[in-house]
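Okay, so here's the structure we're looking at.
Sequential numbering from 1 along the given sequence is applied to the chain's residues. Values reported hereafter were calculated over all heavy atoms of this structure, with side chains retained and with hydrogens, waters and symmetry mates removed. This is a predicted model, so every value here is computed, not measured.
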Amino acid sequence: MKVLFDINVVLDLLLAREAFVELSANLVGLVENKKIEGYLCATTITTLDYLISKALNKKRAKAEIQKLLKIFNIAEVNSAVLELSISSKFSDFEDAVQYYSGVCAEVDAIVTRNSKDFKAATLPIYNPEELWGLVASQLAN
C-alpha cells in the first residue's frame, strides 16, 4: 500500500506532540519496516525544515529531514501537479498540491489528522487510527 503522509502526522512525531506521537511513530515505523510504502509531498520537506528550525533548531531540522529522505519516497511537485491543484475544488491550494502530488505518484491513500481538508478527494483519506487498524488487519491475515 502506497500512502502519502500529511505534514501534520510527521510533525506529531518530530515535535513529539504528546497526544499523537505514539501513533505517528508507529505509522512511520511501518514505512521504515517496509510494511507500507510511504510518500511525502516535496513541499512538505521544505515546510518541515522551516517549522522544525523555528520550533527546535536548524541542525535538528537538517538531521530529521535527512532521516525522512532515507525512508520516504518523495512525491514530485511539477507543472502537472500545480495545474491540477489550481483548477481543483480544494479550498486550500497547499492541500491541493499535497493531494495531487500523491495522485500523480499513484498513491493508494492519504493519512492525515485533518480529513476535512481533503473533502474534494477521490482517494481514500484515513486518519492515523484508521490507517493503523487497516494495516494491522492486513498484516494479521
Here the gap from Ser91 atom OG to Asp117 atom CG, rounded to the nearest 0.5 Å, amounts to 7.0 Å
Indicate if Leu69 and Val107 have the same hydrophobic cluster label, given that clusters are the connected sets of ILVMFWY residues with side-chain heavy-atom separations under 4.5 angstrom.
no
Residues in side chain to side chain contact (heavy atoms under 4.5 Å, CB included) contact with Asn8, at least two apart in sequence or another chain:
Asp6, Thr112, Arg113, Asn114
Do Tyr39 and Leu27 land in one hydrophobic cluster if side-chain heavy atoms of ILVMFWY residues count as linked below 4.5 Å?
no
Under 4.5 Å between side-chain heavy atoms, hopping through other hydrophobics if needed: is there a path connecting Val103 to Ile125?
yes
Leu48 vs Thr44, test: side-chain contact (heavy atoms from CB on, under 4.5 Å). Steps then yes/no.
CA-CA 6 Å; Leu48 284 170; Thr44 294; 3.7 Å; yes
When you compare the side chain of Trp132 with that of Tyr126, does any pair of heavy atoms fall below 4.5 Å?
no
Determine, using the 4.5 Å side-chain heavy-atom cutoff (strictly less than), whether Leu13 and Leu40 are members of one ILVMFWY cluster.
yes
Would you find a donor on one side and an acceptor on the other, under 3.5 Å apart, between the side chain of Asp108 and the backbone of Lys2?
yes
State which residues pass side chain to side chain contact (heavy atoms under 4.5 Å, CB included) with Lys62; sequence neighbours excluded, sorted by chain then number.
Gln66
If we ignore hydrogens and angles and just use 3.5 Å, is the side chain of Asn33 paired with the main-chain N or O of Gly29 as donor and acceptor?
yes
Value rounded to 0.5 Å, distance of CE in Met1 from CD in Gln138:
5.5 Å
Report yes if the side chains of Ser115 and Asn127 come closer than 4.5 Å at any heavy-atom pair, otherwise no.
no
Start with the C-alpha distance between Cys104 and Leu84, add both sets of side-chain angles, then the distance that settles side-chain contact (heavy atoms from CB on, under 4.5 Å), and finish with yes or no.
CA-CA 10 Å; Cys104 290; Leu84 287 165; 3.9 Å; yes
Result block: side-chain N/O donor-acceptor pairs under 3.5 angstrom for residues 15-26, not counting sequence neighbours:
from: Arg17; atom 1: NH1; to: Asp12; atom 2: OD1; distance (Å): 3.0
from: Ser24; atom 1: OG; to: Val9; atom 2: O; distance (Å): 3.2
from: Ser24; atom 1: OG; to: Phe20; atom 2: O; distance (Å): 3.2
from: Asn26; atom 1: ND2; to: Glu22; atom 2: O; distance (Å): 3.4

As an exercise, state the distance from CD1 of Ile52 to CD1 of Ile65, rounded to the nearest 0.5 Å.
5.5 Å
Table please: side-chain donor-acceptor pairs of residues 72-82 below 3.5 Å, with sequence neighbours left out.
from: Asn73; atom 1: ND2; to: Gly38; atom 2: O; distance (Å): 3.3
from: Glu76; atom 1: OE1; to: Asn78; atom 2: ND2; distance (Å): 3.4
from: Asn78; atom 1: OD1; to: Ala80; atom 2: N; distance (Å): 3.1
from: Asn78; atom 1: OD1; to: Val81; atom 2: N; distance (Å): 3.0

Could you state the interatomic distance from CD1 (Ile110) to CG (Leu4), rounded to the nearest 0.5 Å?
5.0 Å
At what distance, to the nearest 0.5 angstrom, does CD of Gln98 lie from CZ of Phe118?
5.0 Å
Any side-chain heavy atom of Leu139 within less than 4.5 Å of one from Lys35?
yes
side-chain contact (heavy atoms from CB on, under 4.5 Å) between Glu94 and Thr47, worked out
CA-CA 11 Å; Glu94 186 176 6; Thr47 304; 4.1 Å; yes
Whether the side chain of Ser137 engages the backbone of Leu134 through a donor-acceptor N/O pair (distance < 3.5 Å, no angle test) should be reported.
yes
In terms of heavy-atom contacts, Leu131 and Ile36 come closest through CD2-CD1, 4.5 Å
Tell me the closest heavy-atom pair linking Phe90 and Ala96, and the distance in Å.
CB-CB, 3.6 Å
As an exercise, state the distance from CG of Leu14 to CG of Leu68, rounded to the nearest 0.5 Å.
5.5 Å
Transitively linked via ILVMFWY side-chain contacts under 4.5 Å: Ile71 with Ile45?
yes
Provide the full list of salt bridge (charged side-chain N to carboxylate O under 4.0 Å, His left out) pairs with a residue in residues 48-61, sequence neighbours left out, each pair given once.
Arg60-Glu64
The side-chain hydrogen bond (donor to acceptor under 3.5 Å, both in side chains) partners of Thr122 (sequence neighbours excluded) come to Tyr99
